[in-house]
**Student:** 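This is the structure I have questions about; it appears just below.
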Amino acid sequence: MIQFQYVKPSKPKAAIDTVAKDQSAVFIAGGTNLVDLMKRGVMNPEKLVDINKLPLRKIERENGNVRIGALALNGAVAEDKLVLEKHPLLAQALNAGASAQLRNMATVGGNMMQRVRCPYFYDTAMPCNKREPGTGCGALEGYNRMHAIFGHSDKCIAVNPSDMNVALVALDAVVLVSGPKGDRKIPFAEFHRLPGDTPQIHTNLQQGELIMAVDVPENPYTKNVNYLKIRDRNSYAFALVSVAAALDLDGSTIKSARLAMGGVAHKPWRLNEAEQFLAGKPATEATFRQAAQLAMRGAKAFEHNKFKLTLGPNTIVQALKNASGVA
């Protein structure tokens, strides 16, 4: 590891100003991803700005939304009474992630910002356009079992690893950020980026911008929800495919639905066409299979992840069955 400076400001403005003025500075909270990347030489910041003194841990009601501070711990959010009451899908997704130890260190903002877990990104001896633009994508012709089937480019086929992000995009969350130019709101669906020609740019945050909180709006999805994560082992593993499913039911009729997938794209993948199809339909396995077929339009697999073309729709169907109670 290279030598680095460490500062711990007590006010948001001081933290923002420090990172805005220094391209080599980064924010650190729980450090559960950043420290690993530093140890491996993937990231080499010259200054760490510890934001743990900032007052960003509250979980509260705000104008009809549930506002979750950026420094709220994943474990605390998953167990919070307000979250469990209003947004059980989010609680399920958080509990599916990592391990209890990591959930008690990792923050909501850090979870949003975590980097891809592609082995070619982590191995500095291998080509990776995300880590070193212009060197190529080792995964394209390499071992790509965990990689994307949607939204990829010839520059990068890595996937966003977060479970929490999948639930938040399904729930139409909004990210509140503050930066050198003031405050702004970013719809969660627009926070992360597809790789395109610039896979090294992970999110739409600008230099010096700090995540302050996430607002999850009021919605009817308080009962019929399911976060289904398919992985190689039952805990402490990233998703091969995951699905966040939420239904608003009137008897056996679907009034509205929310669907998103994880483990399949460079950003949490919202299934808008399938949601629109489900509205007004009966909650049956046949309906769910039709929605899953729509959701998989445009999917393109690589040599080692072709199984996702089958696993993906099957997981969608099962998540919808779980959420609806259909046997």
**Student:** Do Arg145 and Asp232 sit within salt-bridge range, that is, some charged N less than 4.0 Å from a carboxylate O?
**Tutor:**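 Yes.
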
**Student:** For the pair His147 and Tyr120, name the ring-plane relationship: parallel under 30°, tilted 30 to 60°, perpendicular over 60°.
**Tutor:**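 Ring orientation of His147 relative to Tyr120: tilted.
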
**Student:** With hydrophobic residues grouped by side-chain heavy-atom distances under 4.5 Å, do Val66 and Val169 end up in a single group?
**Tutor:**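 Hydrophobic grouping puts Val66 with Val169.
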
**Student:** Compute whether any side-chain donor of one residue and acceptor of the other, for Asn224 and Ser324, lie under 3.5 angstrom apart.
**Tutor:**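 There is no such pair between these side chains.
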
**Student:** Hey, what do you get for NE2 (His192) to NZ (Lys267), rounding to the nearest 0.5 Å?
**Tutor:** 9.0 Å

**Student:** Indicate whether the side chain of Asn272 and that of Arg258 have a donor and an acceptor atom separated by less than 3.5 Å.
**Tutor:** no

**Student:** Under a 3.5 Å threshold, yes or no: a donor from one side chain and an acceptor from the other, between Gln92 and Asn95?
**Tutor:** no

**Student:** Within a radius of less than 6.0 Å around CD of Glu132, do more than 12 heavy atoms belonging to other residues, nucleotides or ligands occur?
**Tutor:** no

**Student:** Would you say Lys8 has more than 12 foreign heavy atoms packed within less than 6.0 Å of its NZ?
**Tutor:**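 Correct, the count exceeds 12.
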
**Student:** Ion pair present between Arg270 and Asp172, side-chain N to carboxylate O less than 4.0 angstrom?
**Tutor:** yes

**Student:** Give a yes or no on whether a salt bridge exists between Lys13 and Asp17, defined as a side-chain N under 4.0 angstrom from a carboxylate O.
**Tutor:** yes

**Student:** For residues Arg193 and Thr198, is any side-chain donor paired with an opposing acceptor at under 3.5 Å?
**Tutor:** yes

**Student:** Under 3.5 Å, side chain of Asp50 to main-chain N/O of Val7, donor-acceptor pair present?
**Tutor:** no

**Student:** For Glu285, is there an ion pair with Arg289 - N to carboxylate O distance below 4.0 angstrom?
**Tutor:**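 Glu285 and Arg289: salt-bridged.
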
**Student:** Has Tyr236 got more than 12 heavy atoms of other residues, nucleotides or ligands less than 6.0 Å from its OH?
**Tutor:** no

**Student:** Please determine whether a side-chain nitrogen of the Lys or Arg among Asp250 and Lys255 lies less than 4.0 Å from a carboxylate oxygen of the Asp or Glu.
**Tutor:** no

**Student:** Ignoring hydrogens and geometry beyond distance, is a side-chain donor-acceptor pair present between Gln318 and Asn314 at under 3.5 Å?
**Tutor:**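 No.
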
**Student:** Taking atom types as modelled, find out whether Asn165 and Asn160 have a side-chain donor-acceptor pair closer than 3.5 angstrom.
**Tutor:** yes

**Student:** Taking the six-membered ring of Tyr221 as reference, does the NZ or CZ atom of Lys223 fall below 6.0 Å from its centre and within a 45° cone about the axis?
**Tutor:** no

